Chemist: 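Provided herewith is a single structure, encoded as structure tokens, for subsequent inquiry.
Computed from a prediction, not measured in an experiment: that's the story for all the values here.
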Amino acid sequence: MKRIFFFLLALTMATSTFAQGTRTADKALLIIDMQNDFVDPKGVLCVAGAKATIPAIADMANYARSKKDWVVIYIVREHQTNGLDVDQPRVPLFTDGKPGYCVPGTWGGAIVDGLEVKDGDLVVAKTRNSAFFQTPLDNILRRLGVKTCVLAGTQYPNCVRGTANDAMSLNYETICALECCSAKTPEVAEHNIFDMRNMGIKCLPVSEIKANY
């Protein structure tokens, strides 16, 4: 009986220590696809409006890092050199001798200059538009205790919108930081913001996010 008591006591103490030592965060800044192949003019799939958002994203990341209840998570595309894990419409970018895009270890797959993964930041790789599709992101966010996802990155109609839709569907408060997200043209951005707001996804300026979150 004594052995059972001390085992349960030790287990309780260990569980308590683990819980206290586990990191928590109420809000997550998801920085999506800010890689050379999407942001730099020499990139394979450059989004025209992406490069201009770098300073705003860097500022938002520094703000998030300054808060105890935030976590910064870089969402990056990663594809095998043979293209076997790429979505069907982009298979031609990996065939006939083409190098593909966002292959780990290449210039195109690297996070763009002006942004960097810092101590405490996390990185989640994906192979589709949504950062939640067949990735551990939802599990990570729930383990941290995240309730609000703030999205930054590129581009609105594809990876930003896909991630926002899934975040909302998974019952996260979902916010797009306006100065931190981009599209190929202002018109594309405007139409997607209109749609997302009508779906219940918040699209807010950085100043409002900082004031309220």
Side-chain angles (χ1 to χ4, degrees), residues 28-58 60-61 72-118 121-140 149 151-167 169 176-193 195-196 201:
L29 174 65
L30 307 182
I31 301 175
I32 302 168
D33 288 3
M34 291 300 288
Q35 297 159 268
N36 286 321
D37 270 337
F38 295 123
V39 180
D40 192 278
K42 298 188 295 293
V44 175
L45 293 169
C46 179
V47 178
K51 192 167 186 177
T53 64
I54 294 173
I57 296 174
M60 191 69 220
V72 174
I73 304 179
Y74 279 88
I75 308 297
V76 297
R77 276 268 188 168
E78 285 190 358
H79 289 301
Q80 298 178 35
T81 54
N82 56 21
L84 284 176
D85 58 358
V86 73
D87 37 340
Q88 188 62 35
R90 291 177 176 172
V91 168
L93 294 174
F94 289 81
T95 59
D96 299 324
K98 299 185 187 71
Y101 69 99
C102 290
V103 173
T106 66
W107 171 85
I111 292 171
V112 71
D113 287 345
L115 298 174
E116 60 179 316
V117 179
K118 296 189 177 181
D121 296 351
L122 304 177
V123 179
V124 173
K126 65 183 176 71
T127 59
R128 294 295 185 272
N129 288 347
S130 173
F132 290 95
F133 183 79
Q134 296 184 356
T135 77
L137 180 60
D138 185 45
N139 286 339
I140 291 169
C149 292
L151 277 54
T154 199
Q155 66 166 320
Y156 269 118
N158 295 358
C159 299
V160 172
R161 185 163 172 166
T163 300
N165 284 347
D166 282 352
S169 297
C176 289
L178 289 173
E179 299 94 329
C180 298
C181 296
S182 57
K184 288 190 174 182
T185 68
E187 291 75 21
V188 171
E190 182 181 342
H191 292 319
N192 278 272
I193 291 167
D195 285 345
M196 287 192 288
I201 296 166

Chemist: Can you see which heavy atom on Ala183 is nearest to which on Gln155, and at what distance?
Modeler: CA-OE1, 3.7 Å

Chemist: Roughly how far apart are Glu187 CD and Asn192 CG, rounded to 0.5 Å?
Modeler: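 Interatomic distance, Glu187 CD to Asn192 CG, rounded to 0.5 Å: 12.0 Å.
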
Chemist: Assess the residue pair Lys98 and Val91 against the criterion (side chain to side chain contact (heavy atoms under 4.5 Å, CB included)); give the C-alpha distance rounded to whole Å, side-chain angles, the decisive distance to 0.1 Å, and a yes or no.
Modeler: CA-CA 10 Å; Lys98 299 185 187 71; Val91 168; over 6 Å; no

Chemist: Measure across Gln80 and Phe94 and return the closest heavy-atom pair with its distance rounded to 0.1 Å.
Modeler: O-CE2, 3.4 Å

Chemist: Decide yes or no for Tyr101 and Arg77: does some side-chain heavy atom of the first lie under 4.5 Å from some side-chain heavy atom of the second?
Modeler: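 The answer is yes; the side chains approach within 4.5 Å.
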
Chemist: Between Arg161 and Asp195, is there a salt bridge with N-O shorter than 4.0 Å?
Modeler: yes

Chemist: Side chains of Arg128 and Asn158: any donor to acceptor distance under 3.5 Å?
Modeler: no

Chemist: If we ignore angles and hydrogens, is there a donor and acceptor under 3.5 Å between the side chains of Asp85 and Thr127?
Modeler: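 Their side chains do not contain a donor-acceptor pair, so the 3.5 Å distance test is not met.
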
Chemist: Given Phe132, which partner from the list Asp166, Ile75, Asn165 fulfils the side-chain contact (heavy atoms from CB on, under 4.5 Å) test?
Modeler: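 Answer to the side-chain contact (heavy atoms from CB on, under 4.5 Å) test with Phe132 among Asp166, Ile75, Asn165: Asp166.
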
Chemist: Measuring from atom OH of Tyr156 to atom CE of Met196, what distance do you get when rounded to the nearest 0.5 angstrom?
Modeler: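 Nearest 0.5 Å value for the OH-CE distance: 5.5 Å.
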
Chemist: Would you compute the distance between atom OG1 of Thr106 and atom CG of Asp37 and round it to the nearest 0.5 angstrom?
Modeler: 6.0 Å

Chemist: So, the side chain of Asp87 versus the backbone of Pro89: is there a donor-acceptor pair under 3.5 Å, distance only?
Modeler: no

Chemist: If you take all heavy atoms of Phe38 and Cys102, which pair is closest and at what distance?
Modeler: CE1-SG, 3.4 Å

Chemist: Once rounded to the nearest 0.5 Å, what's the spacing between atom CD1 of Ile201 and atom SG of Cys176?
Modeler: 6.0 Å

Chemist: Where the side chain of Asn139 meets the backbone of Pro136, is there a donor-acceptor pair that is under 3.5 Å apart?
Modeler: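 No; judged by distance alone, with no hydrogens or angles, the pair does not exist.
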
Chemist: With a 4.5 Å cut-off on side-chain heavy atoms, are Met34 and Thr154 touching?
Modeler: yes

Chemist: What's the verdict on side chain to side chain contact (heavy atoms under 4.5 Å, CB included) for Glu179 and Thr53, showing C-alpha distance, side-chain angles and the deciding distance?
Modeler: CA-CA 6 Å; Glu179 299 94 329; Thr53 64; over 6 Å; no

Chemist: Heavy atoms only: give me the nearest Ala61-Ile31 pair and the separation to one decimal.
Modeler: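 The answer is CB-CD1, 4.1 Å.
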
Chemist: Which atoms form the tightest heavy-atom contact between Val76 and Gln35, and what is the distance?
Modeler: CA-OE1, 3.4 Å

Chemist: Hey, mind stepping through Leu30 and Leu137 against side chain to side chain contact (heavy atoms under 4.5 Å, CB included) and telling me if it holds?
Modeler: CA-CA 10 Å; Leu30 307 182; Leu137 180 60; 4.2 Å; yes

Chemist: Determine the minimum heavy-atom distance between Cys181 and Ala152, stating which atoms define it.
Modeler: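 Taking Cys181 first and Ala152 second, the nearest heavy atoms are SG-CA, 3.8 Å.
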
Chemist: Is the CG atom of Asp113 crowded by more than 12 outside heavy atoms at less than 6.0 Å?
Modeler: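 Check fails, neighbour count at 12 or below.
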
Chemist: Could you give me the CA-CA distance, side-chain angles and deciding distance for Ile54 and Val112, then say whether side chain to side chain contact (heavy atoms under 4.5 Å, CB included) is met?
Modeler: CA-CA 8 Å; Ile54 294 173; Val112 71; 3.8 Å; yes

Chemist: Have a look at Lys126 and tell me which of Thr163, Thr135, Asp33 forms a side chain to side chain donor-acceptor pair (under 3.5 Å) with it.
Modeler: Asp33

Chemist: Glu78 versus Val124: any side-chain heavy-atom pair under 4.5 Å?
Modeler: no

Chemist: When rounded to the nearest 0.5 angstrom, what is the spacing between CE in Met60 and SG in Cys180?
Modeler: 6.5 Å

Chemist: Can you tell me how far the CD1 atom of Ile57 sits from the CG atom of Leu115, to the nearest 0.5 Å?
Modeler: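 Going from CD1 on Ile57 over to CG on Leu115, the span is 5.5 Å.
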
